[in-house]
Amino acid sequence: MLTRNPCIARLKSGYLFPEIARRRREFAAAHPDAKIISLGVGNTTEPVLPHINSGLVEGARRLGTAEGYSGYADEGFEELRRRISEVYYHGAFGVDEIFISDGAKCDIGRLQVLFGGSAKVAVQDPSYPVYVDGSVFAGAAGAGTDTGYQGITYLPCTADNGYFPNLARLPQNSLFYFCSPNNPTGATATRDQLEALVKAALRTGSIIVFDAAYSSYIRDSAIPTTIFAVDGADECAIEVNSFSKSAGFTGVRLGWTAVPKKLRFEGGESVLADWNRVCGTIFNGASNIAQRGGLAALDDEGRKELRALTDFYMENARLIRTAMQKHGVPCVGGDNSPYIWARFPGEDSWDVFSRILEKCHVVTTPGSGVGPAGRGCLRVSAFGHRADIEEGVRRLARLWDRG
Ligand code: PL4
């Protein structure tokens, strides 16, 4: 018999989102009449808008014609890669530096192959669980403890430091996962902060994996939507991004990774060349239908739809944040991001999660599930139908009115 992969055996718990779903199912089974509202997982709910949808339909139509048919498209349609470079990076990248993927999460997982089990990993704490759990799979983490995994550096991002880590604590030669707008806190890094981040990476010989999955939610024009807005980032950063939250492609699956030519390993080898090798070997490209949808999303009409869709969720975020502020619940986020991060000092996150589920029939995300610094906090997602958000907010307000 084969023995179990010891890296997987090291995992302290199951993946967070299925665990939340399990608790929801358990509650629903015990309370069959409860109308449960989910403000937990960040899953889009609104239909794909018409112009972008017509791109998807066109993609399917072409596949049924001799002249339009296409098979494997490994790194992605060149036209789409060029368009991404123009729209998101002012054309700074060549098509060979943009890799089309089936989503940001999938590339985050594959990126671990690039760095191997001996990489020193650093994360913002709290953070999207894939960075830590993926590092555990790759063998880059030691035993799990109450405060995380040995070998992973957790850089707290809390109210005390304005949700930006102390970069003096970034170890030499780290693989540093950084997400802005941040999941889960909803905080966004300013230009000055991103400049400090790049400086720290260059000083320590680290590589930043910059997760920009929520960049289309930034409304403040002073906040950079990409790490590559900062000089020097092309020597120390990789960026992952996605159509999931901007175009509602969570189920369609389309994203990309930008890997600058200038980015090198310690020995001078090209990171891009290795990424090409990894993707060419264990990934067979994103769906051609999805890529046609992506192209439609990035023309003039499509970009108006991206704005309309993200505006819709941002209004949800405003409703949630306003209700929290009115009831004196300390919170951050929801202004340039679709997540609101609420603090319940002295309480256990899972207890707050359970109380809200039991009393309001509303599902949230417990902060302790996304990192040790998330204890006593709760993430509330703005992804939902408007009527559900309004009803969820009414129920939460009633709970807080009662004290
Ligand atoms: C539940 C910072 C959501 N099953 O859709 P993708 O793969 O292009 O992007 C996923 C992703 C990447 N980066 C960040 C993210 O927050 C997400 C999506 N996160 C959430 O509620 O935190 C969905 C989670 C999904 C998952 O595990 O990703």
Side-chain angles (χ1 to χ4, degrees), residues 13-22 24 38-45 48 76 84 88 99-112 123-134 137 157 163 176-189 208-218 225-227 238-258 283 286-287 290-291 293-294 297 306 310 313 316-317 333-334 336-341 353 363-367 369-371 374 377-384:
S13 57
Y15 186 50
L16 174 66
F17 295 105
E19 173 60 20
I20 292 172
R22 188 190 66 73
R24 177 195 168 133
S38 177
L39 306 181
V41 61
N43 202 356
T44 48
T45 53
V48 173
I84 287 170
Y88 290 90
F99 295 77
I100 305 300
S101 72
D102 51 350
K105 175 181 180 176
C106 319
D107 263 358
I108 294 163
R110 283 187 285 266
L111 274 164
Q112 302 274 350
V123 291
Q124 289 165 291
D125 177 19
S127 65
Y128 180 43
V130 178
Y131 313 145
V132 168
D133 289 7
F137 290 158
C157 296
Y163 298 94
F176 186 17
Y177 289 93
F178 194 97
C179 179
S180 178
N182 189 265
N183 174 18
T185 66
T188 41
I208 303 160
V209 174
F210 192 81
D211 188 338
Y214 300 98
S215 65
S216 53
Y217 287 83
I218 293 178
T225 52
T226 162
I227 189 69
I238 290 170
E239 181 164 298
V240 292
N241 206 326
S242 168
F243 288 85
S244 282
K245 308 298 164 67
S246 58
F249 276 17
T250 42
V252 175
R253 310 305 306 147
L254 188 68
W256 71 90
T257 293
F283 179 54
S287 141
Q291 293 191 68
L306 297 182
T310 51
Y313 293 123
N316 286 351
N336 291 289
S337 73
Y339 296 122
I340 297 97
W341 184 246
F353 168 91
V363 178
T364 54
T365 299
V370 283
C377 298
L378 206 69
R379 189 193 78 175
V380 181
S381 159
F383 293 105

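Quick note: residue numbers are just sequence positions, from 1. First listed ligand is number 1; within each ligand, the first listed atom is number 1. Because only heavy atoms are used, hydrogens play no part in the values below, and waters and symmetry mates are left out as well, while side chains stay in.
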Near Gly103 (heavy-atom distance under 4.0 Å), the atoms of ligand 1 are 7 (O), 8 (O)
In the protein, what heavy atom is nearest to atom 1 (C) of ligand 1, and what distance, to one decimal place, separates them? Val41 CG2, 3.5 Å
So OG1 of Thr185 and CG of Asp125: to nearest 0.5 Å the spacing works out to 11.0 Å
List ligand 1 atoms under 4.0 Å from Ala213, heavy atoms only on the residue side. 13 (N)
Who gets closest to atom 16 (O) of ligand 1 by heavy atom: Phe243, Tyr214, Tyr128? Tyr214
Check step by step if side-chain contact (heavy atoms from CB on, under 4.5 Å) holds for Val240 and Leu111. CA-CA 10 Å; Val240 292; Leu111 274 164; 4.0 Å; yes
For atom 8 (O) of ligand 1, what's the nearest protein heavy atom and its distance? Ser242 OG, 2.6 Å
Do ligand 1 and Asn183 have nitrogen or oxygen atoms that lie under 3.5 Å from each other? yes
Any idea which of Lys245, Arg379, Arg253 brings a heavy atom closest to atom 18 (C) of ligand 1? Lys245
Spacing of Ser101 atom OG and Arg110 atom CZ [to the nearest 0.5 Å]: 6.0 Å
Between CZ of Phe99 and OG1 of Thr257, what distance do you get to the nearest 0.5 Å? 8.5 Å
Could you identify the single nearest non-hydrogen protein atom to atom 21 (O) of ligand 1 and state the distance to 0.1 Å? Gly42 N, 2.6 Å
Side-chain heavy-atom pair Ser38, Arg24 within 4.5 angstrom cut-off: yes
Atoms of ligand 1 under 4.0 Å from any heavy atom of Tyr339, numbered from 1 in the order shown, are 3 (C), 20 (C), 21 (O), 22 (O)
Considering only the protein, which heavy-atom contact is closest to atom 13 (N) of ligand 1, and what is its distance? Asp211 OD2, 2.7 Å
Side chain to side chain donor-acceptor pair (under 3.5 Å) between Thr44 and Thr250, intermediate numbers included: CA-CA 7 Å; Thr44 48; Thr250 42; 2.6 Å; yes
For ligand 1, which is the ligand I care about here, please tell me if Ile108 has any N or O atom under 3.5 Å from one of the ligand's N or O atoms. no
Which class fits the ring pair Tyr214 and Phe383: parallel under 30°, tilted 30 to 60°, perpendicular over 60°? tilted
Less than 4.5 Å apart, any side-chain heavy atom of Pro184 and any of Tyr339? no
Would you check the N or O atoms of Tyr15, main chain and side chain alike, for any that come under 3.5 Å of an N or O of ligand 1? yes
Any heavy-atom pair between the side chains of Ser337 and Asn182 that's under 4.5 Å? no
Using a 4.0 Å cutoff against the non-hydrogen atoms of Tyr131, which atoms of ligand 1 qualify? 2 (C)
In sequence, state the C-alpha distance, the side-chain angles, and the governing distance for Glu239 and Thr226, and then conclude on side chain to side chain donor-acceptor pair (under 3.5 Å). CA-CA 8 Å; Glu239 181 164 298; Thr226 162; 2.8 Å; yes
Under 30°, 30 to 60°, or over 60°: which ring-plane class applies to Trp256 and Tyr88, parallel, tilted or perpendicular? tilted
Geometric N/O contact Ala104 with ligand 1, under 3.5 angstrom: yes
Cys179 heavy atoms within 4.0 Å reach ligand 1 at atoms 2 (C)
Atom 5 (O) of ligand 1 sits nearest the protein heavy atom Ser244 OG, 2.6 Å
Of all the non-hydrogen atoms in the protein, which one sits nearest to atom 25 (C) of ligand 1, and at what distance? Lys105 NZ, 4.1 Å
